[in-house]
Amino acid sequence: MDANDRGDGTTPSLEAPPPPAPQGPPRDRPQDPPQGPVPPGGIAALSPRYQVAAALVLALVAVVAGVHLSMVFLHVAPPNTMTKQHGQAVDDWVYPEFEQNWKLFAPNPLQQNVAVQVRAQVRTDEGRIVTTGWYDLSAQDGRAIDGNLLPSHTQQNELRRGWDFFVASHDSENRPNGLRGELSERYIRRIVALRLSGEELGGTLDRVQLRSVTTNVRPPSWSKETVDTKPVRRTLPWWPITSQDTEVSAR
């Protein structure tokens with residue numbers, strides 16, 4: 001008997017059985033798209049009342065941004081008809097918060113440390129006049145800024161810009177060269193008077209005297225440039241202090 005013969009006289013098939021049918025949907029079969037309309041997003045998803053409010057806010061932001069960019073452009077642009085007619089309005093918008101200072105990007109950046117110091121003559125209760133020592137106001141601002149992640153604009157720029165304003169409007173003999181010179185004197189005098197009013201002076205503030213100490217920054221070790229690092233002092237005359245200089249409400 002043939003080994004492949006079965007007892008029933010049939011011969012078994014030599015073909016392999018068919019593979020089992022796959023279970024579940026095939027992986028590459030695309031999913032049916034979701035049915036129904038897609039809900040709107042963004043501002044369109046808001047109610048009509050809030051859509052109007054959002055549109056007004058966006059329009060207001062666009063107008064303010066446009067005005068600000070225009071003011072800054074006129075401030076840094078060369079003198080023109082617009083700045084001649086509306087220069088005061090431009091300055092009022094820019095100063096002091098949006099001042100543009102290009103010294104960092106100048107061909108020869110500022111390489112000096114300038115310290116503004118003040119001393120006072122105080123009238124005691126007995127009627128005597130006492131002269132205080134020098135207060136380093138720039139060092140006080142530096143200590144307030146050092147390590148402060150959000151220093152105030154006053155700490156960073158009030159004293160520095162006030163002194164720059166004074167120097168630019170006075171000659172080497174500390175004489176004002178115009179109306180802006182007198183204005184700069186009142187401005188810097190008021191700054192130091194308010195600063196000293198917070199100190200324990202032992203009497204009533206009578207007069208103040210300012211000086212600047214300017215020191216050139218030492219060049220880096222790889223530079224062949226040589227500079228004189230000896231401090232240069234500029235001392236101003238004594239200024240009388242009035243009650244208007246120390247009125248906080250007028251600041």
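Numbering of residues begins at 1 and proceeds along the displayed sequence.
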Result block: side-chain N/O donor-acceptor pairs under 3.5 angstrom for residues 202-213, not counting sequence neighbours:
unit_1: R207; atom_1: NE; unit_2: Q121; atom_2: OE1; d: 3.0
unit_1: R207; atom_1: NH2; unit_2: Q121; atom_2: OE1; d: 3.0
unit_1: Q209; atom_1: OE1; unit_2: R119; atom_2: NE; d: 2.8
unit_1: Q209; atom_1: OE1; unit_2: R119; atom_2: NH2; d: 2.8
unit_1: Q209; atom_1: NE2; unit_2: L236; atom_2: O; d: 2.9
unit_1: R211; atom_1: NE; unit_2: Q117; atom_2: OE1; d: 2.7
unit_1: R211; atom_1: NH2; unit_2: Q117; atom_2: OE1; d: 2.9

Open item on the list: Under 4.5 Å between side-chain heavy atoms, counting indirect links through other Ile/Leu/Val/Met/Phe/Trp/Tyr residues: same cluster for M82 and F73 or not?
Closed with: yes
Does a side-chain heavy-atom distance below 4.5 Å link L159 with I188?
yes
Correct closest heavy-atom pair for L196 and L201 would be O-CD1, 3.7 Å
Note: S184 and S169 closest approach over all heavy atoms is OG-OG, 2.9 Å
Query raised in the report: Would you say the side-chain atoms of N80 pair up with the backbone N or O of P78, donor to acceptor, closer than 3.5 Å?
Result: yes
**Message:** If the threshold is 4.0 Å, N to carboxylate O, is there a salt bridge linking D141 and R195?
**Reply:** yes
Given V118 and W239, is the side-chain contact (heavy atoms from CB on, under 4.5 Å) satisfied, shown in steps? CA-CA 11 Å; V118 63; W239 289 338; over 6 Å; no
The complete set of ring-ring contact (aromatic ring centres under 6.0 Å, His included) pairs with one or both residues in residues 167-213, sequence neighbours excluded, reads F166-H170
- Item | Other residues, nucleotides, ligands: >12 heavy atoms within 6.0 Å of L179 CG | no
CZ (R160) and CG (L137) are apart, to the nearest 0.5 Å, by 15.0 Å
* **Flag, side chain of N113 to backbone of T215, donor-acceptor distance under 3.5 Å** => no
| query | Do the side chains of W93 and V63 join up, straight or via other hydrophobic residues, at under 4.5 Å, putting them in one cluster? | reply | yes
_N/O donor-acceptor pair under 3.5 Å between T83 side chain and L74 backbone_ = no
Decide yes or no on side-chain contact (heavy atoms from CB on, under 4.5 Å) for R234 and V167, but give the supporting numbers first. CA-CA 10 Å; R234 177 176 180 172; V167 172; 3.7 Å; yes
- Message: According to a hydrophobic-cluster definition based on side-chain heavy atoms being under 4.5 Å apart (Ile, Leu, Val, Met, Phe, Trp, Tyr only), do V67 and V94 belong together?
- Response: yes
CG of L183 to CZ of F165, rounded to nearest 0.5 Å, is 4.5 Å
Students should find that the hydrophobic cluster of V57, defined by side-chain heavy atoms under 4.5 Å apart, otherwise consists of V61
Student check: side-chain heavy atoms of Y135 and Q140 closer than 4.5 Å: yes
CZ (R143) and OG (S138) are apart, to the nearest 0.5 Å, by 10.5 Å
Rounded to the nearest 0.5 Å, the CD1 atom of I145 sits from the CD atom of Q156 at a distance of 5.0 Å
Taken to the nearest 0.5 Å, the spacing of D245 CG from R189 CZ works out to 4.5 Å
- Query: So, S197 versus T246: side-chain donor-acceptor pair below 3.5 Å or not?
  - Reply: no
Requested in this report: Could you go through the side-chain contact (heavy atoms from CB on, under 4.5 Å) check for D171 and N177 one step at a time?
Outcome: CA-CA 7 Å; D171 59 19; N177 50 25; 5.7 Å; no
- [ ] Check whether V52 and Y50 end up in the same hydrophobic cluster, where Ile, Leu, Val, Met, Phe, Trp and Tyr are linked by side-chain heavy atoms less than 4.5 Å apart.
- [x] no
Next on the checklist: Ignoring hydrogens and geometry beyond distance, is a side-chain donor-acceptor pair present between T124 and E126 at under 3.5 Å?
Outcome noted: yes
Would you sort out whether T229 and V227 count as a side-chain contact (heavy atoms from CB on, under 4.5 Å), showing the intermediate values?
CA-CA 6 Å; T229 57; V227 297; 4.1 Å; yes
Under 3.5 Å, is there a donor-acceptor pair between the Q88 and D92 side chains? yes
Non-hydrogen side-chain atoms of N148 and Q155 separated by less than 4.5 Å
yes
dist T214:OG1 -> R233:CZ (nearest 0.5 Å) comes out at 10.0 Å
TODO: Identify whether V192 and W238 are in the same connected component of the hydrophobic contact network (ILVMFWY, side-chain heavy atoms under 4.5 Å).
DONE: no
Under the salt bridge (Lys or Arg N to Asp or Glu O under 4.0 Å) rule, what do R161 and D164 come out as? Steps first, then yes or no, please.
CA-CA 5 Å; R161 293 296 298 141; D164 289 346; 3.6 Å; yes
